[in-house]
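Only one structure is covered here, and it is reproduced in the block below.
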2 protein chains.
Amino acid sequence: MKETALCPRLSKAMELVGKRWTALIIYQLLEGPQRFNAIESSLPISGRLLSERLKELEKEGIVERNVFSEVPIRVEYSLTEKGHSLEQVVREIEEWSKKWL
Amino acid sequence: MKETALCPRLSKAMELVGKRWTALIIYQLLEGPQRFNAIESSLPISGRLLSERLKELEKEGIVERNVFSEVPIRVEYSLTEKGHSLEQVVREIEEWSKKWL
DNA sequence: TACTTCAATTACGAAAAGTAAGTAGCTTAC
DNA sequence: GTAAGCTACTTACTTTTCGTAATTGAAGTA
């Protein structure tokens, strides 16, 4: 990949928000903590990729993973403060889609 | 791909804005009409993909293509009204990146 | 004719995404 | 006690997209 004069923070933000499924996963989690299967059902994403994305988002400090040792096991994902801070971004996209699509 | 209960407009918007390079191309064009080489130089994107993305954005009515038959040829790309309406989205991402990255 | 510039386009290997089947841990059913 | 079910992944494999580099085409210039 070539060099760029682009602001690296913006660039990084675009990589995150722009990565496939990321924004939609955050959009789902804005409704509150949700478990793996719930997210998987709410989006046309495969378990394989959802697992991958959640790990990335956890690593970025955007999503938190909580395991409840019930039967059967329950794993809930929720937004951290950093994750919630993306609400405005997602809402703007939502607004735009209502006006223009 | 599976079925989804997701709003199709939001879904479409995410596909657009979320597609790699799309938001960054729009970000560049917010500064005014620019020619192919200028966009290519401002981003770490290859000509192959830039060409592909610009065609998609033109098809979506977000970007306009203007050819000037000068020597050498000049092709300028600019945002349509629909394209400009994405400014808020891009600015929100920019703001977020400043605060959190 | 050979050479230059710009805006693409093509060819091809590499990376990411999509699909589907399998795994692991624990419980209830038979 | 083993078979079946539930949940949350994981693995194996195919298809699509991306990245790099070389090439094309049009139009003028040396």
Side-chain angles (χ1 to χ4, degrees), chain A residues 1-6 11-12 14-29 32-60 63-78, chain B residues 1-6 8 11-12 14-26 28-29 32-60 62-79:
Chain A
M1 212 133 64
K2 297 181 307 177
E3 282 300 308
T4 178
L6 202 68
S11 186
K12 174 80 187 295
M14 294 297 189
E15 263 176 49
L16 265 173
V17 179
K19 199 153 196 172
R20 196 159 200 190
W21 303 119
T22 300
L24 286 172
I25 291 169
I26 292 166
Y27 182 79
Q28 278 303 310
L29 290 180
Q34 294 192 37
R35 50 201 303 188
F36 192 90
N37 276 347
I39 305 173
E40 192 179 355
S41 305
S42 68
L43 302 174
I45 191 178
S46 66
R48 180 195 155 295
L49 226 31
L50 178 56
S51 179
E52 200 172 296
R53 284 291 175 280
L54 287 171
K55 264 184 207 157
E56 289 163 8
L57 290 173
E58 204 188 342
K59 199 173 162 190
E60 292 292 336
V63 156
E64 221 171 26
R65 183 176 186 267
N66 284 293
V67 182
F68 299 82
S69 298
E70 303 173 350
V71 172
I73 197 173
R74 180 160 61 102
V75 180
E76 274 191 0
Y77 292 89
S78 55
Chain B
M1 211 131 65
K2 296 181 311 180
E3 281 300 308
T4 180
L6 203 68
S11 185
K12 175 82 186 295
M14 294 296 189
E15 264 177 48
L16 265 174
V17 179
K19 200 152 196 173
R20 193 159 203 191
W21 305 117
T22 301
L24 287 172
I25 292 169
I26 291 165
Q28 279 302 312
L29 291 180
Q34 295 192 36
R35 50 202 302 188
F36 191 89
N37 277 347
I39 306 173
E40 193 180 355
S41 305
S42 69
L43 302 174
I45 190 179
S46 65
R48 181 195 156 292
L49 226 32
L50 178 57
S51 178
E52 200 174 297
R53 285 291 176 281
L54 286 170
K55 262 186 206 157
E56 290 163 8
L57 290 173
E58 203 187 344
K59 199 173 164 191
E60 292 292 336
I62 288 170
V63 157
E64 221 171 27
R65 182 176 188 266
N66 283 293
V67 182
F68 300 82
S69 299
E70 304 174 350
V71 172
I73 197 174
R74 180 160 61 105
V75 181
E76 274 191 358
Y77 292 89
S78 55
L79 294 175

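Worth knowing before you read on, the calculation uses all heavy atoms, side chains too, and leaves out hydrogens, waters and symmetry mates. In what follows, chains carry the letters A, B, and so on, assigned in the order in which the sequence lines appear, proteins first and then strands, with residues in each chain numbered from 1. As the structure is a prediction and not an experimental result, all values here were calculated from the model.
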Query raised in the report: Could you state the CG-C1' distance from A:Leu49 to D:dT10, rounded to the nearest angstrom?
Result: 13 Å
Query - Flag, side chain of B:Ser51 to backbone of B:Arg48, donor-acceptor distance under 3.5 Å - result: no
Query raised in the report: Closer than 4.0 Å, any side-chain N/O of B:Tyr77 to the OP1 or OP2 of C:dA8?
Result: yes
Query - B:Ile73 CD1 - D:dG28 C1' separation (whole Å) - result: 12 Å
Query raised in the report: How many Å lie between CD1 on B:Ile39 and P on C:dC6, as a whole number?
Result: 14 Å
Query raised in the report: For A:Glu15 and D:dC18, what is the distance between atoms CD and C1' respectively, to the nearest whole Å?
Result: 13 Å
Query raised in the report: Rounded to the nearest 0.5 Å, how far does CD of A:Gln34 lie from CD1 of A:Ile25?
Result: 11.0 Å
Query raised in the report: Which atom names give the shortest non-hydrogen contact between A:Arg35 and A:Ile73, and what distance separates them?
Result: NH2-O, 3.3 Å
Query raised in the report: Does the distance from a Lys or Arg side-chain N to an Asp or Glu carboxylate O, for A:Glu56 and A:Arg53, drop under 4.0 Å?
Result: yes
**Report entry** Derivation of the side chain to side chain contact (heavy atoms under 4.5 Å, CB included) call for A:Leu49 and A:Glu52
**Finding:** CA-CA 5 Å; A:Leu49 226 31; A:Glu52 200 172 296; 3.9 Å; yes
Report summary line: In short, A:Leu54 meets A:Phe36 closest at the heavy-atom pair CD1-CD1, 4.0 Å
Query raised in the report: Can you find a side chain N or O atom of B:Arg35 that sits less than 4.0 Å from OP1 or OP2 on C:dA7?
Result: yes
Query - Phosphate-side-chain proximity, A:Lys55 and D:dT10, N/O vs OP1/OP2 below 4.0 Å - result: yes
Query raised in the report: Does B:Glu15 come within less than 4.0 Å of B:Lys19, counting only side-chain N to carboxylate O?
Result: no
Query raised in the report: Mind checking whether B:Leu24 and B:Ile45 have side chains closer than 4.5 Å, heavy atoms only?
Result: no
Query - Axis-to-axis angle between the two ends of the helix from C:dT1-D:dA30 to C:dC30-D:dG1 (five base pairs per end, rounded to 10 degrees) - result: 30°
Polar atoms only, N or O, under 3.5 Å: list the protein pairs with nucleotides 21-23 of chain C and their distances.
none

Query raised in the report: Any side-chain N or O of B:Trp21 under 4.0 Å from OP1/OP2 of D:dG19?
Result: yes
Query raised in the report: Separation of A:Phe36 atom CZ from D:dC6 atom P, in whole Å?
Result: 17 Å
Query raised in the report: Once you round it to whole Å, what is the distance between P of C:dA7 and CD of B:Glu58?
Result: 14 Å
**Report entry** Exercise: identify the closest heavy-atom pair between B:Val63 and B:Tyr77
**Finding:** CG1-CD2, 3.8 Å
Report summary line: Between A:Ala38 and B:Arg53, the residue closer to the 5' end of DNA chain D by nearest nucleotide is A:Ala38
Query raised in the report: If each of A:Glu52 and B:Glu76 is mapped to the nucleotide of DNA chain C with the nearest heavy atom, which maps nearer the 5' terminus, i.e. the 5' end?
Result: B:Glu76
Requested in this report: Please evaluate the base of C:dA17 for a donor-acceptor partner in the side chain of A:Arg48 within a cut-off of under 3.5 Å?
Outcome: yes
Query raised in the report: Should A:Arg74 be listed as having a side-chain N or O under 4.0 Å from OP1 or OP2 of D:dA8?
Result: no
Query raised in the report: When the distance from CG of A:Asn37 to C1' of D:dG5 is rounded to whole Å, what number comes out?
Result: 13 Å
Report task. Taking all non-hydrogen atoms of both residues into account, name the closest pair between B:Glu40 and B:Gly47 and its distance. Result -> OE2-N, 3.3 Å
Report task. Write down the distance between CD (B:Glu56) and P (C:dA8), rounded to a whole number of angstrom. Result -> 14 Å
Query - Nucleotide nearest B:Ser51 (side chain, heavy atoms from C-beta), chosen from C:dC6, C:dT9, D:dT7 - result: C:dT9
Query raised in the report: Base, sugar-phosphate alone, or nothing: which one does B:Phe68 contact when heavy atoms must sit under 4.0 Å apart?
Result: nothing
Requested in this report: Taking all heavy atoms of B:Asn66 and all of B:Ser78, pick out the closest pair and write down the distance.
Outcome: ND2-OG, 4.1 Å
Report task. Rounded to the nearest 0.5 Å, what's the gap from CE on B:Met14 to CD1 on A:Ile26? Could you check? Result -> 8.5 Å
Report task. Keeping the roles fixed (side chain from A:Gln28, backbone from A:Ile39), state whether a donor-acceptor pair exists under 3.5 Å. Result -> no
Nucleotides 26-30 of chain C: which of its N/O atoms have a protein N/O under 3.5 Å away?
none

